[in-house]
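Below: one structure, written as structure tokens.
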Amino acid sequence: MAKSVGTHLFNAFRGALIGTAEVVPGVSGGTVALIVGIYETLITSAGHAVNGIRLAASDLPRGRGGARAAEEFRKADWGAIIAVLIGMALAAIVAAKFLAPLVEHEQQFAYALFFGLILASLWVPYSGSGRTWKPGHYLLALAVAVVTFFATGLPPAHIDPSFPIVVGAAAIAVCALVLPGVSGSFILLTFGLYTATMDALNGRDFGYIGTFALGAVIGLAFFVKLLQWLMENYHHITLVVLTGLMAGSLRALWPWQDENRTLHAPEGDIPVTVALAVLGFVIVVAVLLFERRVQARRQATADGTAEPRGRHRSAAPVDSTDRG
């Protein structure tokens, strides 16, 4: 069934939220994708797209035609992908211009808001599989959280942005785009390339942007297929690991830390800082409750009218989380 203009606009809005998050160090675009209900749609579609490109590169030079590649491409939700990418690109440019400097100058308050957002977001992967957690799952999530906690405490480096360095950093950072709990901007900070990347976006440095895009494509081609396979074959365990990643990454958003990522006890404007963290928490809870109501309404409509008429799911992609 053809999707409405409203659906494409909503997906573009989802992409804008993801793109905005990727500009803020410590905030994962993958986490935002989970919150707004587009995560598994993007992972699955990107996996089919990568498969299609691989099959086309393999079959066409050998004269086997493009049937297998075309079949893979048809499985991807291109409407959602294109709308999300457009929203991401536009939002990233705007956020690099206005939001990044604001976060830099008001880091304590900005981090407090995002800390609350991510803390509430832990519920999404925790409940995502629809299965009960066992003691081993909690231990695994805790182990992943501890590793992530120490990894996000590494001090930022200062590296010359040469071609291989930018490609390699982009390949790693873009993985954070599809991995909740890991911030692409935070990885760029660790490599010492965050400022250079923001300056390139603001200054329309297409040479740097093209180099970064090349690394991003390479990283996605290798990583997204692995994540798609894990989501399809080990859905529950994958979400357990993602929960640990998100929990450990909260260290990166602790409001009281210095430029070397050393954590400090709360100080200075504590009431305002706490209030912003609570606000971020409430925002996510409200979004999740709204999403649940929308899903329930769509399910009721589908149960009452869709099956007899041969229709399936709603036009707006809502990720299924009831697999084992």
Side-chain angles (χ1 to χ4, degrees), residues 14 17-18 21-22 26-48 50 77 80 84 114-149 151-152 174-184 186-187 219-220 222-253 281 284-285 287-292 294-296 299 313 316-324:
R14 286 166 154 172
L17 294 177
I18 297 170
E22 280 300 310
V27 183
S28 166
T31 300
V32 176
L34 268 177
I35 296 172
V36 299
I38 196 70
Y39 182 74
E40 290 188 38
T41 296
L42 292 179
I43 293 300
T44 301
S45 295
H48 289 307
V50 171
D77 189 343
V84 168
F114 292 119
F115 187 94
L117 287 169
I118 304 304
L119 182 62
S121 303
L122 290 174
W123 176 255
V124 179
Y126 177 77
S127 62
S129 70
R131 294 175 56 185
T132 303
W133 281 41
K134 298 179 180 179
H137 297 142
Y138 287 99
L139 290 175
L140 175 60
L142 177 62
V144 173
V146 170
V147 172
T148 306
F149 180 90
T152 53
V174 77
C175 295
L177 180 63
V178 293
L179 191 61
V182 181
S183 166
F186 197 81
I187 291 176
L220 281 177
F222 281 97
F223 186 74
V224 75
K225 283 302 299 176
L226 172 62
L227 190 55
Q228 181 195 22
W229 181 81
L230 290 172
M231 293 293 289
E232 291 178 350
N233 295 280
Y234 299 96
H235 191 254
H236 181 61
I237 293 297
T238 301
L239 290 178
V240 169
V241 172
L242 294 184
T243 304
L245 277 171
M246 290 174 61
S249 71
L250 285 170
R251 184 200 193 285
L253 291 170
F281 191 95
V284 172
V285 171
V287 170
L288 295 179
L289 290 175
F290 175 76
E291 186 73 17
R292 177 176 294 184
V294 170
Q295 287 186 1
Q299 186 62 45
R313 62 175 60 178
V318 177
D319 293 331
S320 172
T321 55
D322 58 356
R323 294 179 292 168

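As a basis for the values below, the full set of heavy atoms in this structure was taken, side chains included, without hydrogen atoms, waters or symmetry mates.
Counting heavy atoms from C-beta on, the side chains of Arg131 and His235 never come closer than 4.5 Å.
Put simply, the side chain of His48 never gets that close to the backbone of Ser45: no donor and acceptor are under 3.5 Å apart.
Partners of Leu250 by side chain to side chain contact (heavy atoms under 4.5 Å, CB included), not counting sequence neighbours, listed by chain and number: Phe115, Ile118, Leu119, Leu122. Taking the side chain to side chain contact (heavy atoms under 4.5 Å, CB included) definition, one finds that Val50 meets it with Val224, Lys225, sequence neighbours left out. Looking at residues two or more places apart in sequence or on another chain, you find no side chain to side chain contact (heavy atoms under 4.5 Å, CB included) involving Val147. Under the rule for a ring pair (Phe, Tyr, Trp, His ring centres under 6.0 Å), Phe149 has no partner lying at least two apart in sequence or in another chain. Residues passing the side chain to side chain contact (heavy atoms under 4.5 Å, CB included) test with Leu139, sequence neighbours excluded: none.
Annotation: the span from Arg14 atom CZ to Thr41 atom OG1 amounts to 7.5 Å, rounded to 0.5 Å.
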Q: Carefully, step by step, assess Val144 and Val240 under the rule side-chain contact (heavy atoms from CB on, under 4.5 Å).
A: CA-CA 9 Å; Val144 173; Val240 169; over 6 Å; no
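Heavy atoms only, all atoms of each residue included: Trp133 and Tyr126 are closest at NE1-O, 3.0 Å. Between Leu239 and Pro125 the shortest heavy-atom distance is CB-O, 3.6 Å. Nearest heavy atom pair, residue Ile18 against residue Ala33, reads CD1-CB, 3.7 Å. Shortest non-hydrogen contact noted between Thr148 and Gly248 is CG2-C, 3.8 Å.
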